[in-house]
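Step one of this worksheet: look at the structure below.
A note on names: the letters A, B, ... follow the listed sequences, proteins ahead of strands, and every chain is numbered from 1.
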Amino acid sequence: DRTRIDRYDPAAIEPRWQARWAELRLHETDLHDEGREKFYLLTMYPYPSGDLHIGHWYIITPSDAIARFQRMHGRNVFFPIGFDAFGLPAENAAIKNQIHPWQWTFRNIDHMRAQLRTMGATFSWPNEVVTADPDYYRWNQWIFLRFLEAGLAYRATATVDWCPNDGTLAREQVEGADRHCWRCGALVEKRDLDQWFLRITKYADELLDFSGIDWPEPIRVMQTNWIGRSDGAEVVFTTAPDDVQPGGDELRVFTTRPDTLYGATFMVLAPEHPLVGRLTHPERQAEVDAYIARAERETEIERLSTEREKTGVFTGSYAVNPVNDERIQIWVADYVLAGYGTGAIMAVPAHDERDFAFARRFGLPVRRVIAPKEQAGELDDGSSMTEAYVSKSQDDVLVNSRLFDGLPAPSAFGAIVDRLAAEDRGKAAVTYRLRDWLISRQRYWGTPFPVVYCERDGIVPVPDDQLPVRLPETVDYEGRGENPLRHDHAFLDTTCPRCGLPARRETDTMDTFIDSSWYWYRYLSPHKPDGPVDGALEARWCPVDQYTGGAEHAVMHLLYSRFFTKALNDIGVVHEREPFKRLFNQGQVLGADGERMSKSRGNVQDPDELIARYGADTVRLFLMFMGPWDQGGPWSPTGIGGVHRFLNRVWTLVLDPRGVEAGDPEAGRLPAGETPEAAARALRSAAHSTLRVVTDEYGGFRFNTMVAHLMELANLLYHYRGTDVAGGEAWDEAVRLLLLMLAPSAPHIAEELWARRLAARGEAWHSIHTESWPAVDAAAIEEEAREVPVQVNGKLRDRLLVPPDIAPAELERLALGREKIQAALAGHELVRVVVAGGGRLVNVVVR
RNA sequence: GCCGAAGUGGCGGAACGGCAGACGCGGCCGACUUAAACUCGGCUGCCCGCGAGGGCGUCAGGGUUCGAAUCCCUGCUUCGGCACCA
């Protein structure tokens, strides 16, 4: 009789419990409580775009389940949240709708706070951080000044990536072969500008070291590749004298293959190389100038793929190879990059694909200097080669390399470097792909740089006691779309803190990735007035025990954060050198079309409708049940009804154990031959073995199978609903465990049913979320009999029901005695019998 | 091109080298209902067979093993990252 109990109505239950939890301050962490083990759980804070979409739920709700699970294990869990509130969308909205970025941002934050509460997530709200708040960004400024003092921040003129919409970009913010802006997709240009940089390259080697942190392999690989350490040598060539210039200029190149030095048949300089002008012969001047002009234009318009045919021009000059004094031509070509290595290469066409293509195109010589040992004597000098030989086989030896001939290539590497070093014509060298982090942005909505430009004193830092340098409250975009600070004289005009003469403020603001590079430290003391980080709390709570967030930040936020931690450690602000002990990358929920969710594509899934229809618990559980958390995938609500049905069944099981469904002819009766005692044992066994696996699955973030196992237990309970065991002791224990296991994931329904259960038993109320995680009773899981599959040649033929402690020999005898096995054996020769895994399976091998 | 991850029913997905397809969706059948919805029960990888049962099955092809979705090799496909990095 289903009318006996009230319906499961999440809309009634969920807000009530959320209010109660807030009232009880159940999730506000006492950071000073030293009685319990700490657990700092961090999830990437959202950008306040206006609406929470299903992707936010996908990141946050399983993280919340982790927080609740850890609390049930007695840990003092710190699970803060905040808003990454600076950034371009606010400014774009401001320009478009004539609304101040402040208003836009803080209105969105208000809305999102309310949405976040509907999740039932247990954030420690008093620790909230909003990066656009002067209380936050003043510490960006403070940290910047300390970096400046420590030489970790500097201003330099450099060729930088420039987006026509967003201005300068960090190297990491330029994507794809066509080099487009990560944010707006516009093609990125090159510009020579005076900008602020952070010296991340100082930490390149340390950033390659992941020992001591438990991060996913793909992220480690991506960061490693991004940093791109190359071990090789710097080799000093000199320019050869001729009738135009005296020669003797040093031309340094970086190579990873010093063992191929005798194969260098020409040199190539990047078009931007400083010596190009000096080395260009008058009769080639026009051609070289034209080439450089074209190269500049081309990098601005588009950089085509590696398939593009190589281009270049001869300068007319020659260089001298330091090992054999050979004169080789110096060319200019855009396949050599100004910003990597020394901006110049020695070309070894025989052993480099790019050099080979270039040599063939321009008829330059190819000389083989590496060959497989067994062919070393037979091969020609390389002129007939049809492709570069780039293999780095251990069996390669040097040829055509004079006294190094016959030496294995790996040892020649060292031998040649040694000789160069001895003659002061080169040395071992390391080069990285990683560049210093360009942090200047030509934008209003970001942290102002705390520096002024004084006519007399130059760049002058703003003294600490004058921080924060605030963004002006009113902004006038004048319809231009460019940084309004440039025209805001109230902001712009100031006096030099050093000499008092008129000075001008820096109008660029900091990359917003600065904000996210240390926000987890500020969570610990968001209102601390005299410093960015509370050292005592930081020492106790950091590093973060578990970080959850998307992999799309692999070489941006996740790399910058590691750099910041090391740099903050160096300036004495924090105690450790790695911020996040353990990282988990959940997958991304894509739109129904399989594309990344975005407003412009119109494929954003709004969860509010689902919450209204099914409740937060169902949505939470469904997102966990969809598939492995690290996988993500296209959004489809198909199947959410099944999860909702499951929660309804749990509701019924707890509130109406003795009810009998009309639809099942067997309802209310135990299966023929099953005693109530056996049924009770089966229930206990199922409950405790479920507890065992579910505990493990929570720990490993395998939420999809965790939910499946809870469903299985509920299905079994349903099976016994209305029978003599329903409502009994074993039943009650199973229900209790089910609710406890459900509590981290579906916190509202678990709390509601827990409260009703306590009331029914006449016990005083206490929250299920303050309960301890239950312990497995191993004795309950022990079974009386066990099913053993019997295979013939690996194919399942029969099953045996045997006592759990049966001897292997006995198992073998029983298996061979079975009719089906005998039948399968007929006409075959018995080879042997394998009893595998301590009696878990029998395999009869026949011929 | 290089690096990384992954290919399992109609679908999402399970499976310490040991019973492939748990759990859920969808579908079919049935019960309840005047009826429908809800709910409940049963069946549901493909092929042959009334059935008992048998055959085939984890991207393709090889290999290792008593035994392979799982390990190894080759290839194909999809997704993510990098983009002439010397």
Side-chain angles (χ1 to χ4, degrees), chain A residues 2 174-179 216-222 224-226 228 230 232 253-257 260 268 303-308 310 333-337 339-348 351-355 357-358 431-433 551-552 554-555 587-588 590 594 622 625-628 630-634 636-643 645-646 648-649 652 660-667 702 704-712 715 718-719 721 787-799 820 831-837 840-846:
Chain A
R2 300 184 45 75
V174 180
E175 295 183 338
D178 61 348
R179 301 180 51 78
E217 167 87 11
I219 299 287
R220 300 203 313 259
V221 169
M222 272 194 260
T224 301
N225 291 342
W226 187 260
S230 291
V253 302
F254 174 75
T255 177
T256 53
R257 295 294 303 273
T260 64
V268 185
R303 293 191 56 136
L304 290 172
S305 74
T306 50
E307 270 102 80
R308 182 178 66 155
K310 296 264 182 296
D334 65 0
Y335 82 92
V336 173
L337 308 174
Y340 184 80
T342 61
I345 63 157
M346 64 176 205
V348 184
H351 307 292
D352 182 280
E353 284 173 28
R354 296 151 303 185
D355 297 345
F358 194 83
T431 299
Y432 302 89
R433 229 185 68 117
E552 66 273 18
V555 297
Q588 229 177 36
L590 305 172
F622 175 60
F625 183 59
M626 265 171 41
D630 59 3
Q631 193 174 293
S636 163
T638 309
I640 193 170
V643 172
R645 231 180 329 271
F646 161 65
N648 265 296
R649 282 158 74 88
T652 306
V660 175
E661 291 297 333
D664 178 8
E666 297 297 318
R702 293 189 302 277
N704 58 328
T705 52
M706 181 274 294
V707 175
H709 285 120
L710 295 186
M711 286 173 165
E712 265 182 286
N715 288 346
Y718 230 85
H719 204 67
R721 183 166 168 250
E787 206 178 61
V788 177
V790 182
Q791 300 178 331
V792 174
N793 283 352
K795 265 190 187 315
L796 179 73
R797 292 296 167 186
D798 201 1
R799 296 166 210 273
K820 282 180 182 170
V831 179
R832 67 170 168 132
V833 180
V834 180
V835 178
R840 277 203 330 280
L841 173 140
V842 179
N843 189 16
V844 181
V845 186
V846 301

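- Atoms NE2 (A:H351) and P (B:rC84) sit 23 Å apart, rounded to a whole Å.
- Distance A:I640 CD1 to B:rG26 P: 12 Å, rounded to the nearest Å.
- Here the separation of B:rC11 from B:rC59, taken at their P atoms, is 13 Å to the nearest Å.
- With both pairing distances under 3.5 Å, B:rU70 is matched to nothing as a Watson-Crick or G-U wobble pair.
- Position along RNA chain B of the nearest nucleotide to A:V834 versus A:R645 favours A:R645 as the more 5'-ward residue.
- Position along RNA chain B of the nearest nucleotide to A:T342 versus A:E353 favours A:E353 as the more 5'-ward residue.
- Under the Watson-Crick and G-U wobble criteria, each requiring two contacts below 3.5 Å, nucleotide B:rA37 is left unpaired.
- Here, B:rG42 and B:rC47 have their C1' atoms 24 Å apart, quoted to the whole Å.
- Residues satisfying the side chain to side chain contact (heavy atoms under 4.5 Å, CB included) test with A:N715, not counting sequence neighbours, are A:R649.
- One C1' atom belongs to B:rU44, the other to B:rG9, and the distance between them is 10 Å to the nearest Å.
- For A:R645, there are no side chain to side chain contact (heavy atoms under 4.5 Å, CB included) partners at least two apart in sequence or on another chain.
- B:rG54 shows a glycosidic angle more than 90° from 0 and is accordingly assigned anti.
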Between protein and nucleotides 5-15 of chain B, map the contacts as a letter string: B base, S sugar-phosphate only, - none, heavy atoms under 4.0 Å, written 5' to 3'.
-------BSS-
Would you check, one step at a time, whether the test side chain to side chain contact (heavy atoms under 4.5 Å, CB included) holds for A:N225 with A:R433?
CA-CA 8 Å; A:N225 291 342; A:R433 229 185 68 117; over 6 Å; no
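- For A:R702, the side chain to side chain donor-acceptor pair (under 3.5 Å) partners are A:D696, not counting sequence neighbours.
- Under the Watson-Crick and G-U wobble criteria, each requiring two contacts below 3.5 Å, nucleotide B:rC28 is paired to B:rG42.
- Using a 4.0 Å heavy-atom criterion, one finds that A:V336 contacts the bases of the nucleic acid, with or without backbone contacts as well.
- Closest of all the heavy-atom pairs between A:P628 and A:N704 is N-ND2, 3.6 Å.
- Rounding to the nearest 0.5 Å places CD of A:E552 at 4.5 Å from CD of A:Q588.
- The side chain of A:F254 approaches B:rA86 more closely than any other nucleotide in the set B:rA83, B:rC66, B:rA86.
- Taking atom C1' in both B:rC66 and B:rC29, one finds a spacing of 43 Å when rounded to whole Å.
- Here the C1' atom of nucleotide B:rC2 and the CG atom of A:D352 are 14 Å apart, to the nearest Å.
- When the P atom is compared between B:rA5 and B:rC73, the two are found 13 Å apart, to the nearest whole Å.
- Across all strands shown, B:rG1 forms a Watson-Crick or G-U wobble pair with B:rC82, both key distances being under 3.5 Å.
- Pairing partner, B:rU58: none, since no Watson-Crick or wobble contact has both distances short of 3.5 Å.
- Here A:R797 lies in heavy-atom contact (under 4.0 Å) with sugar-phosphate atoms only.
- Searching all strands for a Watson-Crick or G-U wobble partner of B:rG21 with both distances below 3.5 Å returns nothing.
- Across B:rC23, B:rG53, B:rC3, the shortest atom-to-atom separation from the side chain of A:N225 is found for B:rC3.
- Closest to the side chain of A:E712, out of B:rC84, B:rC23, B:rG81, is B:rC23.
- For the pair A:Y432 OH and B:rC82 P, the interatomic distance rounds to 21 Å; values are reported in whole Å.
- For B:rG41, the OP1/OP2 oxygens have a side-chain nitrogen or oxygen of A:R649 closer than 4.0 Å.
- One finds no side-chain N or O of A:Y335 lying less than 4.0 angstrom from the OP1 or OP2 phosphate oxygen of B:rA86.
- B:rG55 and B:rG63: their P atoms are spaced 22 Å apart (whole Å).
- Residues that satisfy the salt bridge (charged side-chain N to carboxylate O under 4.0 Å, His left out) test with A:D355, not counting sequence neighbours, are absent from this structure.
- Within a 6.0 Å sphere centred on NE2 of A:H719, heavy atoms belonging to other residues, nucleotides or ligands number 12 at most.
- Side-chain contact check for A:T260 versus A:M346: some heavy-atom pair is nearer than 4.5 Å.
- Smallest separation of non-hydrogen atoms from A:A333 and A:F358: CB-CE1, 3.6 Å.
- Nucleotides B:rC2 and B:rA14 are separated by 30 Å at their P atoms, to the nearest Å.
- The pairing partner recorded for B:rC50 is none, the criterion being a Watson-Crick or G-U wobble arrangement whose two distances lie under 3.5 angstrom.
- The distance from atom CD of A:Q791 to atom C1' of B:rG17 is 12 Å, rounded to the nearest whole Å.
- By the side chain to side chain contact (heavy atoms under 4.5 Å, CB included) test, A:E787 pairs with A:R799, A:L801, sequence neighbours left out.
- Between the CZ atom of A:F622 and the P atom of B:rC23 there is a distance of 18 Å, given to the nearest Å.
- Figure legend. B:rU77 is base-paired to B:rA6; pairs are counted as Watson-Crick or G-U wobble with both atom distances under 3.5 Å.
- Distance CG (A:N843) to C1' (B:rC66): 5 Å, rounded to an integer number of Å.
- Here B:rG53 presents its P atom at 16 Å from NZ of A:K795, a figure rounded to the nearest Å.
- Nucleic acid contact class of A:S230 (heavy atoms, under 4.0 Å, all strands): sugar-phosphate only.
- Taking atom P in both B:rA20 and B:rG13, the straight-line distance is 23 Å, to the nearest Å.
- Side-chain atoms of A:W226 lie closest to B:rC82 of the nucleotides B:rC3, B:rC82, B:rG18.
- Among the protein residues, A:D355 comes within range of no part of the nucleic acid, since none of its heavy atoms lies under 4.0 Å from any strand.
- Contact check, A:N715 against B:rG24: a side-chain N or O comes under 4.0 Å of OP1 or OP2.
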